[in-house]
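The residues of the chain are indexed from 1 along the displayed sequence. Counting convention: from 1, in listed order, for ligands and their atoms alike. Keep in mind that the numbers below use all heavy atoms, side chains included, and drop hydrogens, waters and symmetry copies.
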Amino acid sequence: MLSCKVGSAGEVFAPAKLNLYLNVLGPRPDGFHDLETLMVPVRVYDTLRWTDATSTATDDRLTVRIRNRLAEDTSRELGHVSDNLVFRAAELLAQSAGITPRGTFELTKRIPIQAGMGGGSSDAAAALVLANKVWGVGYSPEQLGQLAAELGSDVPFFLQSSPAICRGRGERIETAAGLPRLHFVVVKPPAGLSTATVFSRLKLRQSAAETSAQPLEQLVRSLRRGAVAQAGYWMRNTLETAASELSPWIARLRQVLSDCGAWAHLMTGSGSACFGVMRSALQARRTAQILASRNLGTVWATSSC
Ligand code: C5P
């Protein structure tokens, strides 16, 4: 069941994600790493719209426009439109279905890049869902899932966009039902981190993978019981050591979040954003207000979807 729904105005909301648990199990022959992770979508969104209009300036049949609503100036990092995952997702779907892609996708970016919040992957999933609908392709969730896995390790997660345990490269999804709503403060420091670089640092050092699935099971069990403070004990991210060697922000943000009384504090994905699990929406909002004035980067109070 796709929860990434197309609204009546032909607009899709593409949420960010946070990793409450990420354990890298080891390298794979294909250059990726096997991992197990618990991801939750959160209420920080990019939006994607499609209109039938084609560009008059060029004879391109498919146009992607990016409107930057990011707090920081990232125009350089956003790169050329043809590298954008929305463009690649739309092209891939059209190619697979044997149709000519058409129209204009307008992507409004609010999720920062190089943050570990899954913005590009979420945009790609949104593009697959939207193009599947507006071009009348009619692919099933399973067919879209196969294309999603080709686009990136996290893209299949965003097709279903509910809390899930993801394994393999990240593309094997098991929905984690029954979790309570969680409240977060998220901080994205001014400097981002490249996922490939963080993983490559991990390869250089012996990956201290935990072979037991016990912490993940304990985490999910505690969350289902509503014991969120206790669940914090089981939250971890084995990419943090490698990321901390590349960016002093990780240790600094975790200290700041600890000082704010977060139940748990963690880096998300391959960084560089970090988050604190807060007692309530009110505590999250108050903490975000305080941190927003401290030149730490971009700060949100948000909650799980
Ligand atoms: O799949 P995605 O494009 O998000 O991955 C970006 C990079 O992160 C990959 O090229 C790879 O270096 C690394 N990666 C990995 N193992 C994973 C996911 C990502 O090594 N499971």
Side-chain angles (χ1 to χ4, degrees), residues 4 14-41 46 74 77-80 82-93 107 109 111-128 144-161 164-174 188 192-211 213 216 236-247 250 266-273:
C4 193
K17 58 88 175 163
L18 297 175
N19 300 73
L20 302 186
Y21 181 96
L22 199 170
N23 184 24
V24 182
L25 299 171
R28 300 158 43 120
D30 61 6
F32 284 80
H33 289 76
D34 275 317
L35 48 83
E36 54 180 10
T37 181
L38 173 62
M39 299 206 273
V40 295
D46 288 343
T74 51
E77 289 97 325
L78 282 174
H80 191 262
S82 61
D83 300 329
N84 183 272
L85 272 166
V86 168
F87 190 87
R88 286 173 44 206
E91 287 274 12
L92 182 65
L93 179 71
L107 175 66
K109 287 289 310 165
I111 305 170
I113 54 169
Q114 297 201 319
M117 296 170 72
S121 303
S122 190
D123 298 342
L128 286 176
L144 290 181
Q146 279 170 11
L147 297 183
E150 281 183 47
L151 290 162
S153 307
D154 288 345
V155 183
F157 164 78
F158 286 107
L159 277 183
Q160 51 89 50
S161 217
I165 295 168
C166 307
R167 296 195 173 87
R169 265 171 64 204
E171 84 289 7
R172 280 172 28 217
I173 316 287
E174 180 193 329
K188 160 64 178 53
L193 282 171
S194 140
T195 303
T197 308
V198 174
F199 271 99
S200 71
R201 286 297 282 240
L202 189 77
K203 274 186 215 141
L204 297 177
R205 40 182 39 253
Q206 282 285 315
S207 163
E210 288 180 53
T211 45
L216 180 55
R236 62 203 61 188
N237 182 343
T238 57
L239 289 174
E240 264 192 29
T241 311
S244 299
E245 287 171 3
L246 294 162
S247 170
I250 311 303
L266 217 61
M267 182 181 86
T268 179
S270 55
S272 59

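- Residue contacts with ligand 1 for Asp34 are absent, since no atom lies close enough (heavy atoms, distance under 4.0 Å).
- Between the side chain of Thr238 and the backbone N or O of Val24 there is at least one donor-acceptor pair closer than 3.5 Å.
- Looking at Phe199 against ligand 1, only its side chain comes within 4.0 Å, counting heavy atoms.
- Near His33, with a cut-off below 4.0 Å to any heavy atom, the atoms of ligand 1 are 15 (C), 16 (N), 17 (C), 20 (O), 21 (N).
- Close approach to Arg169 involves these atoms of ligand 1, each under 4.0 Å from a residue heavy atom: 1 (O), 17 (C), 21 (N).
- With Glu171 contributing its side chain and Pro156 its backbone, the two residues share no donor-acceptor pair below 3.5 Å.
- Looking at Ser122, its side chain does come within 3.5 Å of a backbone N or O of Pro15 through a donor-acceptor pair.
- Pairing each heavy atom of Leu193 with each of Ala243, the nearest pair is CD1-CB, 3.7 Å.
- When each atom of ligand 1 is checked for a heavy atom of Phe32 under 4.0 Å away, the hits are 1 (O), 5 (O), 9 (C), 14 (N), 15 (C), 16 (N), 17 (C), 18 (C), 19 (C), 20 (O).
- At a 3.5 angstrom cut-off on N or O pairs, Asp154 does not count as close to ligand 1.
- Under a 3.5 Å cut-off, the side chain of Lys188 and the backbone N or O of Gly271 do not form any donor-acceptor pair.
- Considering each of Ser121, Gly31, Ala196, Ser153, the one bringing a non-hydrogen atom nearest atom 18 (C) of ligand 1 is Ser153.
- Between the side chain of Asp46 and the backbone N or O of Ala14, no donor-acceptor pair lies under 3.5 Å.
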Step-by-step side chain to side chain contact (heavy atoms under 4.5 Å, CB included) determination, Phe199 to Leu239 = CA-CA 7 Å; Phe199 271 99; Leu239 289 174; 3.9 Å; yes
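- Every atom of ligand 1 is numbered from 1 in the order shown, and the set under 4.0 Å from a heavy atom of Gly152 is 1 (O).
- In this structure, Gly170 does not count as a contact residue of ligand 1, since none of its heavy atoms falls inside 4.0 Å of the ligand.
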